[in-house]
Amino acid sequence: MNMEKFQESMYQLIVETSTNLPKDVRRAIKAAKLKESEGTRSAMSLATITQNITMADENISPICQDTGLPTFKIKTPVGVNQIQIKEAIKAAIALATKNGKLRPNSVDSLTGDNSGDNLGQGVPVMKFDQWEKDYIDVRLILKGGGCENKNIQYSLPCELEGLGKAGRDLDGIRKCIMHSVYQAQGQGCSAGFIGVGIGGDRSSGYDLAKEQLFRSNDDVNPHEDLRKLEEYVMENANKLGIGTMGFGGETTLLGCKIGVMDRIPASFFVSVAYNCWAFRRLGIQVNPETGEISEWMYQEGDKIDFSQEAELETAAAVETESSEIILQAPITEEQIRKLKVGDVVKIYGMMYTGRDAIHKYLSDNDSPVDLNGQVIYHCGPVMLKDEEGKWHVKAAGPTTSIREEPYQGDIMKRFGIRAVIGKGGMGPKTLAALQEHGGVYLNAIGGAAQYYADCIKSVEGVDLMQFGIPEAMWHLKVEGFKAVVTMDSHGNSLHKDVAMSSLEKLAQFKETVFK
C-alpha cells in the first residue's frame, strides 16, 4: 500500500470529522429546531448551534474546541500491515494538531504534562478487526470530555432516583436508559445522542456502548425488542423537559442506539455512552493498494445547509438586541446584583480563561493578573501561533463547569471575580458564594466553538503555559460575547430548577412497560 497516500487519507478523515458535521446528525438537529417554540432559550441555543455548524463549514475549523480523544475503528483485509497503519494514523494526528484541526489533548496521567501533538501512551485509540472484504474500513469519533464525563454504567438490580427498583430484565434496562438521560442534564451539551451496551463486563460493556455511536442515526435496529426500546426512549426521554443546554425545552435526546452481548450469571451491566450534539463521527473506505479514499460513510442523502437560516436568525437577533444586557469588563457588584436568571448578556472587554489546572493553581497562589471585577471563562481553546509569534484563536467554546465546583466560590471571593462563564451550571457551594460575594454564572452554548471564536477579537497575552495550551490562562479581548444568566446573586439557579422538574417528570416512567 502507498503509505504516503494512506496517511493523507487519514489526515483528510480527521479534518472532515473535526469540522464537518455528518448529514444524519444535521437532520436530527434540524428536526429539533422545528419542535422548539420561537423566543425560548432552547430556540436561541439551537440557532447558535446551527450558526456554529455553518461557520465551521466555512472556516474548515473545529466545530467544538474539545476535539476529545480520537478513537478509530479499523477493519482490514487479511494480510494488510496494521503496524504501518498505526504509524500513518499517528503521523496524521500530529499534523492535524499542528494545523489547528485538533486541540492538543493528550495529557500524562501522572505528571499532567501535555504532549502537544495528541500522541501518548494509548493515544489515539485504535481498535482493529480483520475481515474478508477487499477494502479498509476506517471510522473515527471525536468525543469531547464534557459528554464523556456523563457516561454512566449501571449494575442490575439497582435502585434509581425517581424510578425505584430496576431489575434484571428489559424493563430494568429501560429504567437505566431513562435515568442516564436525566442524570446528564445539560452538562454533556444536550441535546445529545446515546449509545447503550447491555451485558458484557465492566470494560466490554462500555466498548459495546461506544460502538453503538458508530451506527447511523437513521438506521433501524434489526433486534425487535431493542428497536421498540430505542423508539420508546426517543419518544419519552424528550418528555423530561431538560432541553438544549439544560435550559428546558422540547428536545433533550437526538438519538438512541442499543446493542446487546452475553454476560456471566453474576453480572448484569447496562453501559451508556453519552455524546453531545456536536456528534463528530465519520468513516471512509480505503483502497488497500493505493491508500486512496474510495467512499465516505454517514453521508447519505442531501446535506442540510444551515447558512440561509443563520442569516435570517442573525437578522432577527438584531431586532431583539434591545432586550440584551451589555456588560463591560471590569464589572461592578452593583451591575451584577441587577442581573437575574434568564437574562441574556453581551460582554465586551477582557476575559481570562481558566480550567482545572488554573483553578487548582489559584487556590494556592496569587493570580498573574488583577482579576478584580473580571470575567473567568471555563474554556480550553484551540490556538495557533503565526510566523510573527502572534496567537490566534481557532475555536473557543465553553467547557463543563461542575469540575470547578470545589474551587470556584472561594476563588471568586479571594480575587474579586464578578462573572464566570461555562456550560452546564455549578453546585450549591458556588451558588452560595455568588449570593454572598455578588457574582453571577453565565451559561454559554456548549460546542459553539466557532461562534465564540468570532467574538474574540484579539489575544492580549497568556500566563501559566506550563499547563499546556488548553489549560493556560489566556487573556482574550471580546466583543458581543453572548451568554445566559443561569445562576444569579439572589440564590436562583436555572440548573437546580430544571433538575428538580425533570426528576418529577422522570417519576412518571416508574411503572413497568416492558415485560
Pairs meeting criterion ring-ring contact (aromatic ring centres under 6.0 Å, His included) with involvement of residues 478-504, two or more places apart: Y377-F481, Y441-H495, Y452-F481

Check: S180 main-chain N/O paired with K150 side-chain donor or acceptor under 3.5 Å: no

Spatial distance of atom CG (L163) from atom CD (Q508) [nearest 0.5 Å]: 10.0 Å

Atom pair CG/CD of L160 and Q183 - distance to nearest 0.5 Å: 10.5 Å

Sole residue of T399, I421, T400 in side-chain contact (heavy atoms from CB on, under 4.5 Å) with H378: T399

Atom CE of M500 with >12 non-hydrogen neighbours under 6.0 angstrom: no

By ring pair (Phe, Tyr, Trp, His ring centres under 6.0 Å) - contacts of Y352 (at least two apart): H475

Value rounded to 0.5 Å, distance of CG in L102 from CD in Q65: 13.0 Å

K338/D488 ion pair, N-O < 4.0 Å: no

Minimum side-chain heavy-atom gap N52-I63 below 4.5 Å: yes

Check ion pair D66-R103 (N to O, under 4.0 angstrom): yes

Side-chain donor/acceptor of H437 to backbone N/O of I417, under 3.5 Å: yes

Aromatic ring pairing H179/Y154, orientation class (parallel under 30°, perpendicular over 60°, tilted between): perpendicular

Flag for S18-E16: side-chain donor and acceptor within less than 3.5 Å: no

K394 NZ to T19 OG1 distance, which is reported to the nearest 0.5 Å: 11.5 Å

Distance, nearest 0.5 Å, that separates CG of L46 from NZ of K30: 11.5 Å

Distance-only polar pair, side chains of S271 and Q153, donor-acceptor under 3.5 Å: yes

Within 6.0 angstrom of K496 NZ, more than 12 heavy atoms from elsewhere: no

side-chain hydrogen bond (donor to acceptor under 3.5 Å, both in side chains) assessment of T97 paired with N118: CA-CA 7 Å; T97 307; N118 271 310; 2.9 Å; yes

Residue pair K143 / N151, side-chain donor-acceptor N/O under 3.5 Å: yes

V345 and I326, any side-chain heavy atoms less than 4.5 Å apart: no

Minimum heavy-atom distance V459-W391, with the two atoms named: CG2-O, 3.7 Å

M487: which of L434, N492, L494 passes side-chain contact (heavy atoms from CB on, under 4.5 Å): L434

Within-4.5 Å side-chain heavy-atom neighbours: I347 and L442: yes

Any donor-acceptor N/O pair, T353 side chain to A472 backbone, under 3.5 Å: yes

Closest heavy-atom pair and its distance - S155, R202: CB-NH2, 4.5 Å

Side chains of R174 and N236, donor plus acceptor under 3.5 Å: no

